[in-house]
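Have a look at the structure below before the remarks.
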Amino acid sequence: MFNKRIKIKALLAEENTGFEATVMGWVRTFRNNQFIALNDGSTNNNLQVVASLGEFEDSTLKRLTTGACIKVTGQVIASLGKGQKVELKAATIEILGDSDAEKFPLQPKKHSLEFLREIAHMRFRTNTFGAIFRIRHSLAFAIHQFFNDKGFVYLHTPIITASDAEGAGEMFRVTTLPVDGSAPKNEDGSVNFKDDFFGRSTNLTVSGQLEGELAAMAFSDVYTFGPTFRAENSNTTRHLAEFWMIEPEVAFNDLEDNMNLAEAFIRYVIKYAMEQNKEDLEFLAQRLEEEEKQKPQQDRSEMGLLDKLNFVVNNDFERLTYTEAIEILKESNHNKKKKFQYLIEGWGVDLQSEHERYLVEKHFKKPVILTNYPKDIKSFYMRLNEDGKTVAAMDILAPGIGEIVGGSQREERLDKLTARMAEMHIPAEELNWYLDTRRFGSCPHAGFGLGFERLVQFVTGMGNIRDVIPFPRYPKSAEF
RNA sequence: UCCUCCUUAGCUCAGUUGGUUAGAGCAUCUGACUGUUAAUCAGAGGGUCUCCCGUUCAAGUCGGGAAGGGGGAGCCA
């Protein structure tokens, strides 16, 4: 490191004792006027710092409150107590930052996730969120490593975009025009964006896919990993207005290649987190297990978090077509006994959450890849199949989360693509730059989008997506 | 946006058929103790019962509305 302190994770891993060390961190608890549980975020495990009786001023000890930041120098010794191998016998304690115990919101006790969400700026200092965000980091790192190892180019697609034709969702407008009604108007009363910063109407991106496709037509293999914005009024445990998305786009891949890539990718990053964040995952698994005990028997999940992750890493995902899925659902006892709120009667309707859950959690009990959906319920850029009524789409459904990946082989044939756009009333002139890929050296290609937070949810087992991003953005909420 | 549940101390929650001064555990503070592991023991302080309107002799409790939050649905990643 770049200073003279040793990180607590490194100190706890030391084989030897009997050397001097300096640590810095935040007090979790101060027990018995003698034992400081110190945490610096490098690990969930605290270092026990011992302030021997009579060796420190009362005025110093009084300031060792939960949340205070301190610097301690002393001898690393084998612990005299149970519960930890080593401890630091303090020679000097310096208070770097006081923390008023009467006002500091985090107490040495269990807090509800709802309460911690209200103090998101402080929740990093809890074991649960420490574990979650270290795992989030590992997953982000593993994503780059996976693609880098395979020769992909990391492409930075724009965050401000003029394209509003994709229809992936409602967009946030980007403008420097006044909002008090004095913005320049067209003759018909609409705002004239000619005088706006970009000279046209612009928004925050809802997807980097179309730009990704442009680059894939040159580098063959690219991926994006960046923030994405949706101004949907979604109030659920798996939607955010600002979230991070990973979008690989690969030239010469067909739908099957696309599935293989997605599956290998998911396995790789989960495996990486399991290796790098063993203790954090064990902590979260433990936490989840206790939470499960509070639930009635029928609502409990059959597998613990670690079993679930191991299972995903070691088993193939179930692959089936939309048509096969409809058959399974239609013939299911669940459907026959009318337990679905929306009964499956025929081909062509979109699957509801309850149907996806049934397939993933009840029927197959593993992640499922659904393919070849009816063209009418999917996007314009998905490749039309031979049958003329389905497209080469794929959705990966994960237990407890639902859709984690949405992807497709893209329509590379210009005539088919423009025909589809006309059908769906998508103005071709606005996407001329996109259509150029089909005009000049078009090629079969495929890609997918993976919601990063949903991946983090799956790996950490957290039920609410607002707990796996540091500062969540959702309707009526943009605090911190 | 729709459905549903919730809102009482810093936190997590009790609070009976509407009835004197609204309780507990933890946290905090004070003291004791001192090899503790969310230390323990004793004591103390801490409340506009989310807000507004209504019913009633009387509302934390009943009714209506608002705000905030949880869960589910839709949109999707």
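Residue numbering restarts at 1 for every chain, and letters A, B, ... go by the order of the sequence lines. Worth knowing before you read on, the calculation uses all heavy atoms, side chains too, and leaves out hydrogens, waters and symmetry mates.
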>> Quiz question: by atom type and distance under 3.5 Å, do the side chains of A/W244 and A/T228 form a donor-acceptor pair?
In response: no
Could you tell me whether [X] contacts a base, only the sugar-phosphate backbone, or nothing, with contacts defined as non-hydrogen atoms closer than 4.0 Å?
X: A/Q48; value: base
X: A/S234; value: base
X: A/S79; value: base
X: A/R466; value: sugar-phosphate
X: A/E87; value: base
X: A/P108; value: base
X: A/N464; value: sugar-phosphate

>> Taking B/C62 as the reference, what is the distance to B/U16 when you measure between their C1' atoms (whole Å, please)?
In response: 16 Å
> Expressed in whole Å, how much space separates the P atoms belonging to B/C29 and B/G10?
Replying inline: 15 Å
> Can you check the A/R31 CZ to B/C41 P distance for me, whole Å?
Replying inline: 16 Å
> Just how far, in rounded Å, is P of B/G68 from CD of A/E114?
Replying inline: 17 Å
> Is a donor-acceptor contact shorter than 3.5 angstrom present between the side chain of A/N235 and the base of B/U1?
Replying inline: yes
Any salt bridge between [X] and [Y], counting N to O under 4.0 Å?
X: A/D376; Y: A/R420; result: yes
X: A/R230; Y: A/E242; result: no
X: A/D350; Y: A/K378; result: no

>> Looking at B/G25, which nucleotide sits across from it as a Watson-Crick or G-U wobble partner, both distances under 3.5 angstrom, or is there none?
In response: B/C11
>> Stacking between B/G35 and A/F35, yes or no? Criterion: centroid separation under 5.5 angstrom, plane angle under 30 degrees.
In response: no
